[in-house]
There are 2 protein chains.
Amino acid sequence: MPNRRARLRAETSAEIKAIALKLMATGGPDAISLRAIAREMGMTANAIYGYYATRDDLVTTLINDVYSDLVERLEAARDALPPDDAAGRILAWAENFRTWSLANPEGFRLIYGDPVPGYQPPEEGVEAELRACAALVGLVAAAWPRAVERQSHGDHEWTDFDPHVVDTVRADHPDLPPAAVVLSLRVWGRMHGLVALEVYGHLRTQTREPGKVYSAEMADLISSLGF
Amino acid sequence: MPNRRARLRAETSAEIKAIALKLMATGGPDAISLRAIAREMGMTANAIYGYYATRDDLVTTLINDVYSDLVERLEAARDALPPDDAAGRILAWAENFRTWSLANPEGFRLIYGDPVPGYQPPEEGVEAELRACAALVGLVAAAWPRAVERQSHGDHEWTDFDPHVVDTVRADHPDLPPAAVVLSLRVWGRMHGLVALEVYGHLRTQTREPGKVYSAEMADLISSLGF
DNA sequence: ATCCAAACTATACGCCGTGCAGTAAAAATA
DNA sequence: TATTTTTACTGCACGGCGTATAGTTTGGAT
């Protein structure tokens, strides 16, 4: 009856992740140590090696979990608005991205920063990130009919992108030109920039109202898309 | 003759920094360890405590050094163009920011990321960062006559900013409205976003031409300033 | 020549990831 | 049911880390 075994295994694995996330929430990504997790579980650090081959493996799993949490929230915020409200959906995505990041700064650092000393991200990207990018392309695609007139049509080619990305995009949006994918990456970068600076405390010494700066930036983004 | 003492002291201090930077260049910010530095110098780790009270103090010094290096390069790139070429100066700043960041990814992570496990940045900002921001305000100020028409004049007040920033700005640009300072922060964020994503490898799984994406974004930035 | 302070070493404590050997219990097999 | 295999886990060890405390050497001043 391997079911019982498998169940216990899954439970232990989940407990490891849960404790790791709890440690991260209080002490930042650096607090994720196999020894601390084991201590909290009443186990030896080596026991964790039965579930994750290395600490980096555990961190990679955590990144995927946290990233998925973020993406689900953003998708929910998007879906709370009607599909034809392209501008509103982008704004909702943007504002929720910032709100989540400030509420979970440790998660942000885990996902977008150096999660843990010496951590090497996996060669293939994080799955949740691909999901987020695909969603972002969807948002831009909905706005593309208007944005197309405002954006420069530089020399962007499909060969500029990862083949996997190209397949995904063309499956969902057959008529979308490569310039739209470039635009969605730019939108991503635009949201990321100010939020990253804020999370890492670089705006703190400049402005007392980082939220107003971000809102202004996003308003400008929306208007640059033709809304 | 305390001069000799002081000279030796300064030399040792400089050697510590130099070795720390060398270690960082090869192994990333995580490789900056007192023990490794001491090993390289043929000393004990504790000897370093005579020069820097804690490891974080050393890291703070390194951040300032590296940041200054970056700012000097950016200012040089700016000054290579005539003052009336506001758009060109912003573009030069932007492109050199990306070039430097990609050439010194470890430096970028030191400045803008989590430099070292458990590092707490000093309460007062890093001096070089204030310099960079002041320079950015200067660039935006030069473009402001044109940009003013394109930018929304939201409800930005001088009280939204750190008093020190307000003083600096008003000293250099007496007639500049607060909206221009907000704009310069937004410009900073816009440059930071894509570069941070690229340095941390998040664009790698999406596009093969991150430089083209960045250039397109910067072209759009310039045009949004009215050029 | 003597004294002092600065520079440095030695030792130790508690953290970390992880490799290797051993053990107890659960499951599979006979 | 008795035996064997697999799984989960412990114990110990190694080398890494920051850093606190105490002791030692040494250059400069008196």
Side-chain angles (χ1 to χ4, degrees), chain A residues 1-17 19-20 22-24 26-63 110 114-122, chain B residues 1-17 19-20 22-24 26-63 110 114-122:
Chain A
M1 203 173 287
N3 284 347
R4 180 177 136 79
R5 276 283 174 119
R7 187 165 44 84
L8 287 177
R9 240 195 109 71
E11 279 172 13
T12 307
S13 186
E15 191 186 354
I16 291 172
K17 285 201 293 186
I19 292 182
K22 198 188 75 182
L23 289 170
M24 188 191 71
T26 61
D30 303 328
I32 303 173
S33 81
L34 300 187
R35 293 185 118 108
I37 295 168
R39 216 179 297 128
E40 204 92 1
M41 296 178 66
M43 286 197 337
T44 309
N46 277 342
I48 299 177
Y49 282 84
Y51 299 88
Y52 300 92
T54 99
R55 186 204 48 167
D56 279 17
D57 276 20
L58 171 59
V59 170
T60 299
T61 305
L62 293 176
I63 288 177
L110 181 74
D114 311 276
V116 122
Y119 175 76
Q120 294 283 16
Chain B
M1 204 174 290
N3 283 348
R4 183 177 138 79
R5 273 279 174 104
R7 186 166 43 84
L8 286 177
R9 237 193 112 71
E11 279 172 14
T12 308
S13 186
E15 190 186 355
I16 291 172
K17 286 201 293 187
I19 293 182
K22 198 188 75 184
L23 288 171
M24 188 191 73
T26 59
D30 303 329
I32 304 173
S33 82
L34 300 186
R35 294 184 118 109
I37 295 168
R39 215 178 297 127
E40 205 91 359
M41 295 178 68
M43 286 198 335
T44 309
N46 277 342
I48 299 178
Y49 282 85
Y51 299 89
Y52 300 93
T54 87
R55 187 205 46 168
D56 278 17
D57 276 20
L58 171 59
V59 170
T60 299
T61 305
L62 292 177
I63 288 177
L110 181 75
D114 310 276
V116 124
Y119 174 75
Q120 296 282 17

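Residue numbers start from 1 in every chain, and the chains themselves are labelled A, B, ... in the order their sequence lines are given, proteins ahead of strands. It should be emphasised that the depicted structure is a prediction, and the values quoted were computed from it without experimental measurement.
- Annotation: proximity of residues 46-59 of chain A to DNA chain D (heavy atom, distance under 4.0 Å) is found for N46(A), A47(A), Y51(A), numbered in ascending order.
- Taking NZ of K22(A) as the reference point, atom CD of E15(A) lies at 9.5 Å (rounded to 0.5 Å).
- D30(B) places a side-chain N or O within 3.5 Å of a backbone atom of G118(A) that can act as its donor or acceptor partner.
- Summarising the geometry, the separation between CE on M41(A) and P on dA8(D) is reported as 13 Å, rounded to the nearest angstrom.
- For T44(A) and dC9(D), the shortest distance from a side-chain N or O to OP1 or OP2 is not below 4.0 Å.
- For the pair G42(A) and R35(B), nearest-nucleotide mapping onto DNA chain D gives the more 5' position to G42(A).
- Other residues, nucleotides and ligands place no more than 12 heavy atoms under 6.0 Å from the CD atom of Q120(A).
- Whole-Å rounding puts the R39(A) CZ to dG17(C) P distance at 9 Å.
- Across the protein-nucleic acid pair, E11(B) atom CD and dA7(C) atom P stand 13 Å apart, rounded to whole Å.
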### Task
Output, in order, the C-alpha distance, side-chain angles, deciding distance and verdict of side-chain contact (heavy atoms from CB on, under 4.5 Å) for I63(A) and Y119(A).
CA-CA 12 Å; I63(A) 288 177; Y119(A) 175 76; 3.6 Å; yes

#### Entry: Pair V59(A)-L110(A), side-chain contact (heavy atoms from CB on, under 4.5 Å): steps then yes or no
CA-CA 8 Å; V59(A) 170; L110(A) 181 74; 4.2 Å; yes

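- Summarising the geometry, the separation between CG on L34(B) and P on dC8(C) is reported as 14 Å, rounded to the nearest angstrom.
- Rounded to whole Å, atom P of dA7(C) lies 14 Å from atom CZ of R7(B).
- Atom-to-atom, CG of L23(B) to C1' of dG16(D) comes out at 14 Å; the value is rounded to the nearest Å.
- The OG1 atom of T44(A) sits 11.0 Å away from atom CE of M41(A), with the distance rounded to the nearest 0.5 Å.
- Remark: C1' of dC17(D) and CD1 of I37(B) are 12 Å apart, rounded to the nearest angstrom.
- Between R9(B) and the phosphate of dG27(D), there is no side-chain N or O to OP1/OP2 separation shorter than 4.0 Å.
- Put simply, CE on M43(B) is 12 Å from P on dA10(C), counting in whole angstrom units.
- For the pairing with Y51(A), the side-chain contact (heavy atoms from CB on, under 4.5 Å) check across L58(A), T12(A), T61(A), D57(A) returns one residue only, T12(A).
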